Each structure stands twice: as structure tokens, then as C-alpha cells.
Amino acid sequence: MNAPVLIVQTTVASTADAEKLAQALIERRLAACVQMSGITSVYRWAGEVQSGHEIRLDIKTSGARKDALLQGLKELHPYQVPELLVIDVDAAGEGYAKWVAEETAIEQAG
């Protein structure tokens, strides 16, 4: 059984990229809500330790839309190797879970 609400986490390099990605996901009904916050990331890339400012996106979706959301992120994401972490929400408020399901409903996803 799919979790009623999932959070998919990813990062991008700029606010402009974050807003563009969030808008596309909401328009396609792949997400009900996308929250964005600035963070500093330290990581190894191309054999070197690097750090930089990124925008973290917490994308709220329904379990039924997980695969479509991940596919959409692969198509739209500006990174060569994007962070795509799926977090199962153990419990969610009944009204919120219903809203997420309605906003990501496949019937409306035209």
C-alpha cells in the first residue's frame, strides 16, 4: 500500500531554478506543495570536496504519484546527478492527506 503522503527532497543551485522546478511540478499535479529553503551543502564532486549555497526543495506528493514525480524530476532537474530522496510520512493529518491526494489526482493531471 502506498503511503498517503510522501516528501521527496532535492536541491538546486539557485532560487530561480527552485521556483521554475516547483512551478512545473505543481502545474503537472506531480506535487501538492513545494517548500524551498536555503542551505549550505558540503560534498565531494569530481574527486574534490566542495561547498556551496543550494536551495532545498521539500516536495509533498501522494504515494500514487511517486513514480511520475520521480520521472518528472529526472526530466526537469538541472543537475547531472540530482538528489532524489523519498521520505515516507508515517502519519499525516487526515485533512492534509486528503488535500495532497486531491491536488495530485491523476484524473486531473491532464
Side-chain angles (χ1 to χ4, degrees):
M1 179 174 143
N2 288 329
V5 177
L6 300 173
I7 299 171
V8 176
Q9 196 171 81
T10 193
T11 55
V12 294
S14 70
T15 300
D17 284 344
E19 290 175 354
K20 181 179 176 182
L21 189 55
Q23 186 75 27
L25 296 175
I26 297 295
E27 285 176 356
R28 293 181 183 195
R29 291 191 174 269
L30 296 174
C33 173
V34 179
Q35 294 173 317
M36 300 173 271
S37 55
I39 60 171
T40 300
S41 295
V42 179
Y43 53 94
R44 184 179 306 276
W45 183 254
E48 294 185 27
V49 175
Q50 302 182 27
S51 67
H53 177 77
E54 291 186 294
I55 307 298
R56 181 177 58 220
L57 289 82
D58 291 325
I59 305 161
K60 286 30 170 296
T61 194
S62 62
R65 296 294 275 158
K66 177 182 80 171
D67 292 341
L69 171 60
L70 291 174
Q71 183 60 41
L73 283 167
K74 288 175 187 173
E75 293 170 10
L76 298 168
H77 205 288
Y79 283 4
Q80 180 183 2
V81 181
E83 169 188 356
L84 301 175
L85 304 177
V86 178
I87 303 163
D88 286 329
V89 174
D90 185 48
E94 184 178 330
Y96 185 79
K98 181 178 183 235
W99 174 76
V100 169
E102 289 170 353
E103 291 305 310
T104 59
I106 296 170
E107 304 82 57
Q108 298 181 26

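Note: hydrogens, waters and symmetry copies are ignored here, and every other heavy atom, side chains too, is used. Here the structure is a predicted model, which means the values were calculated and not measured.
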Does His77 reach the main-chain N or O of Thr11 with its side chain, forming a donor-acceptor pair under 3.5 Å?
-> yes
Enter the distance from Leu57:CG to Ile7:CD1 here, rounded to the nearest 0.5 Å.
-> 12.5 Å
So which heavy atom on His53 is nearest to which on Gly38, and how close?
-> CE1-CA, 3.7 Å
Minimal non-hydrogen separation, Cys33 against Tyr96, with atom names = CB-OH, 4.4 Å
Judged by modelled atom types alone, do Tyr79 and Glu54 share a side-chain donor-acceptor pair under 3.5 Å?
-> yes
Do Thr10 side-chain atoms and Glu83 backbone N/O form a donor-acceptor pair below 3.5 Å?
-> yes
Identified side-chain contact (heavy atoms from CB on, under 4.5 Å) counterpart of Leu25 within the set Val8, Leu30, Thr61 | Leu30
Would you check, one step at a time, whether the test side chain to side chain contact (heavy atoms under 4.5 Å, CB included) holds for Leu76 with Arg28?
-> CA-CA 12 Å; Leu76 298 168; Arg28 293 181 183 195; 3.6 Å; yes
Answer whether the closest heavy-atom distance between the side chains of Pro78 and Val12 falls below 4.5 Å.
-> yes
May I ask you to test the Ile59-Leu73 pair for a side-chain heavy-atom distance under 4.5 Å?
-> yes
Shortest non-hydrogen separation from Thr104 to Ala32 and the atoms involved = CG2-N, 3.6 Å
Give a yes or no on whether Gln50 atom CD has more than 12 heavy-atom contacts from other residues, nucleotides or ligands under 6.0 Å away.
-> yes
At their closest point, which heavy atom of Ser62 faces which heavy atom of Leu6, and how far apart are they?
-> O-CD1, 4.1 Å
Min side-chain heavy-atom separation Arg29-Glu103 under 4.5 Å | yes
Could you state the interatomic distance from CD (Gln71) to CG (Leu84), rounded to the nearest 0.5 Å?
-> 10.5 Å
When rounded to the nearest 0.5 angstrom, what is the spacing between CD1 in Ile55 and CG in Leu21?
-> 12.0 Å
Should Val81 and Tyr43 be counted in the same cluster of Ile, Leu, Val, Met, Phe, Trp and Tyr side chains packed under 4.5 Å apart?
-> yes
Pair Lys98 + Glu102, salt bridge at N-O below 4.0 Å = yes
